[in-house]
S.K.: 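I'd like to ask some things about the structure below.
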Number of protein chains: 2
Amino acid sequence: MPKLVDHDAKKIEIAKATWKVIVREGLDNATVRNIARETGMSVGSLRHYFPSQSDLLQFSMELVSERVATRIREKNMMTAESPVMAIQDAISELLPLDEERRVEAEVWFVFSAKALVDARLKQLSDQVYNDMRQGFEWAIQSLRKLGLAREDLRADLEVYRLHALVDGMAVHHLLHPDKLTYRQMVDTLSYHLRSLCK
Amino acid sequence: MPKLVDHDAKKIEIAKATWKVIVREGLDNATVRNIARETGMSVGSLRHYFPSQSDLLQFSMELVSERVATRIREKNMMTAESPVMAIQDAISELLPLDEERRVEAEVWFVFSAKALVDARLKQLSDQVYNDMRQGFEWAIQSLRKLGLAREDLRADLEVYRLHALVDGMAVHHLLHPDKLTYRQMVDTLSYHLRSLCK
DNA sequence: TTTATTTTAGCACACTTGTATTATCAAAGA
DNA sequence: TCTTTGATAATACAAGTGTGCTAAAATAAA
C-alpha cells in the first residue's frame, strides 16, 4: 500500500503558497515553478495535485471565498451587544482587518480583475457576488424588522450602497493602506450603519 | 528629412489600442505583438515610440487619468439645476456610464491590481487617489458651505464614505453590469447625496 | 522481505515573451 | 539628383513558460 497523504490538506497548502506568491510578486509571476519553489516541492509533485495551472488558480480562488464564507457562518451573532453591532461585526469579517484577511482580500481583488476576461473565474465571481448581496439584503431587512431602521429608507438602494461601500473601502485600504486605515474603515462602517437607524 | 509624424498623437493612438487589447484579452495578453497587431504596425515601429513595454503600459495608464481629469475639469458646473445636481454630475463622470468611460474604468481597475506589485504604477495610483479624495473633500465642503448639509455630518467620514461608494459601485458595475446597472448606480448616488442634506 | 501503489524528481519539447539588431523606405534639403 | 534622417519593418535571440513523459523513491499492507 502506498504512502498516506491527505490530498485535500496538501492542496490547501499549495493554494496558500499560491496566495503568497501572488501577493508578493503578482499574478503574472504566479507560475507553476515559482509556486513549486514556494512550497518546496518539485514541479512534477505540484502537477500531481493540480493537472494544470488553470486548475490551481481556480482552486486557490475558490478557497478564498470558502474561507470568508466559513468565517461569517461560524460567527456567533448572539454575543454582540446589540443587533446593529452584530451586523457590524459580520460585515467587518469582509474587511481586511488583519494580515490573513488582507492576503485573502488582495488575492480576491487580483482574481476579480482577471475574471473580467476569464469565463471560468467569472462564474465564481458572479456566484460570490450574489451571495454577498444576499447577505447585505439580509442585513438591511434585519434593521427594518427590528424597527431600528429609519422610515424613509429605500431598501433596494441601501443594499447597493452598503455593498459598494464595503467593497470600495476594502479596495481603497488594499491599494492605499495608510490613506484609509483599518480604524477609519471601521469608523466609517459604524457611522454608516448608525445613519440608517432612527 | 523623414516622414513627419505627430509623435504624441501616435502615442495616444497606440495607448488606445492597448486599452482595447486589455479589455478584450486581459493585461496578460497585452503583449507588444498583440498591441502592434491591433494598431496595424510592426513590433519595431511600436518600439520606436515606446522603448519598452513598461513605458507603454505606464503611458497608457497615465492617459486614462489625464482624460478623466480633463473631463471633470471641463465640465461646466454652472449649467446644473442645483448645487447638489452639479456635484452629482461631476461625480457621475467617474462612473462608467458609456462605452468610452467603461473602457477607461476597466483599464484603470486592471492597472490598479497590477499597481499592488509594480512600484512605478503604484506611484501614479497614489497620486490619482489623492486627487480624487481632494475632489470628494471639495464636494462635502461645498455642501456644508452652502448650508445644505445636515448639521450632524462628520466631514472626514463622509469623504471616505462617498469615495468608497463611488469606486465600489464602479467596480461592481464593471464586474457585474446587469447586477448593478448604470441607472441603479446613478439612483444610489443621488439617494446618497440627498441623505447628506437637510 | 516482497509488492503494489502513490508520490516525487527531473528533463525535454514546443511555444511565447521582450528586446536587440539590421535593413528598408520615404521625404526634404543641398 | 543625391544625401540625410526619421519612420517602419523583418528577423534573430535569449529567457522563461506550461505541460507531457519517464524513471526513481517512498510507503504500508501482505
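Letters go in sequence order (proteins before strands), and every chain restarts at 1.
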S.K.: What is the distance from CG of A:L46 to C1' of D:dG20, rounded to the nearest Å?
M.R.: 15 Å
S.K.: Between C:dT8, C:dT19, D:dA9, spot the one nearest the side chain of A:S42, thanks.
M.R.: C:dT8
S.K.: Would you call A:D118 and A:R120 a salt bridge, using N to O less than 4.0 angstrom?
M.R.: no
S.K.: What nucleotide among D:dA9, D:dA7, C:dT7 has an atom nearest to a side-chain atom of A:Y49?
M.R.: C:dT7
S.K.: Does the pair A:R154/A:E158 count as a salt bridge with the N-to-O cut at 4.0 Å?
M.R.: no
S.K.: Return no unless some side-chain N or O of B:R47 is found under 4.0 Å from OP1 or OP2 of C:dG18.
M.R.: no
S.K.: Just the table, please: protein N/O against nucleotides 11-17 of chain C N/O, every pair under 3.5 Å.
M.R.:
none

S.K.: Are B:K11 and B:F59 in a cation-pi setup, meaning NZ or CZ lies under 6.0 angstrom from the ring centre and within 45 degrees of the ring axis?
M.R.: yes
S.K.: Does A:H172 have its ring centroid less than 6.0 Å away from the ring centroid of B:Y129?
M.R.: yes
S.K.: Provide, to the nearest angstrom, the distance between the CZ atom belonging to A:R37 and the C1' atom belonging to C:dG10.
M.R.: 15 Å
S.K.: Working to the nearest 0.5 angstrom, can you tell me the gap between A:T31 OG1 and A:E38 CD?
M.R.: 11.0 Å
S.K.: Quick check on D:dA7: is either OP1 or OP2 less than 4.0 Å from any side-chain nitrogen or oxygen of B:H48?
M.R.: yes
S.K.: Check every atom of D:dA9, C:dT6, D:dT19 against the side chain of B:M41 and return the nucleotide holding the closest atom.
M.R.: D:dA9
S.K.: Can a side chain N or O of A:K10 be found less than 4.0 Å away from OP1 or OP2 on C:dT6?
M.R.: no
S.K.: Please report the distance, rounded to the nearest Å, between CZ in A:F50 and P in D:dG18.
M.R.: 15 Å
S.K.: Would you call A:D187 and A:R183 a salt bridge, using N to O less than 4.0 angstrom?
M.R.: yes
S.K.: Counting heavy atoms from C-beta on, name the nucleotide in D:dT8, C:dT7, C:dT8 closest to the side chain of A:H7.
M.R.: C:dT7
S.K.: Whether B:K179 and A:D126 form a salt bridge (side-chain N of Lys/Arg under 4.0 Å from carboxylate O of Asp/Glu) is what I want to check.
M.R.: no
S.K.: Rounded to whole angstroms, how far apart are CG on A:L27 and P on D:dG18?
M.R.: 11 Å
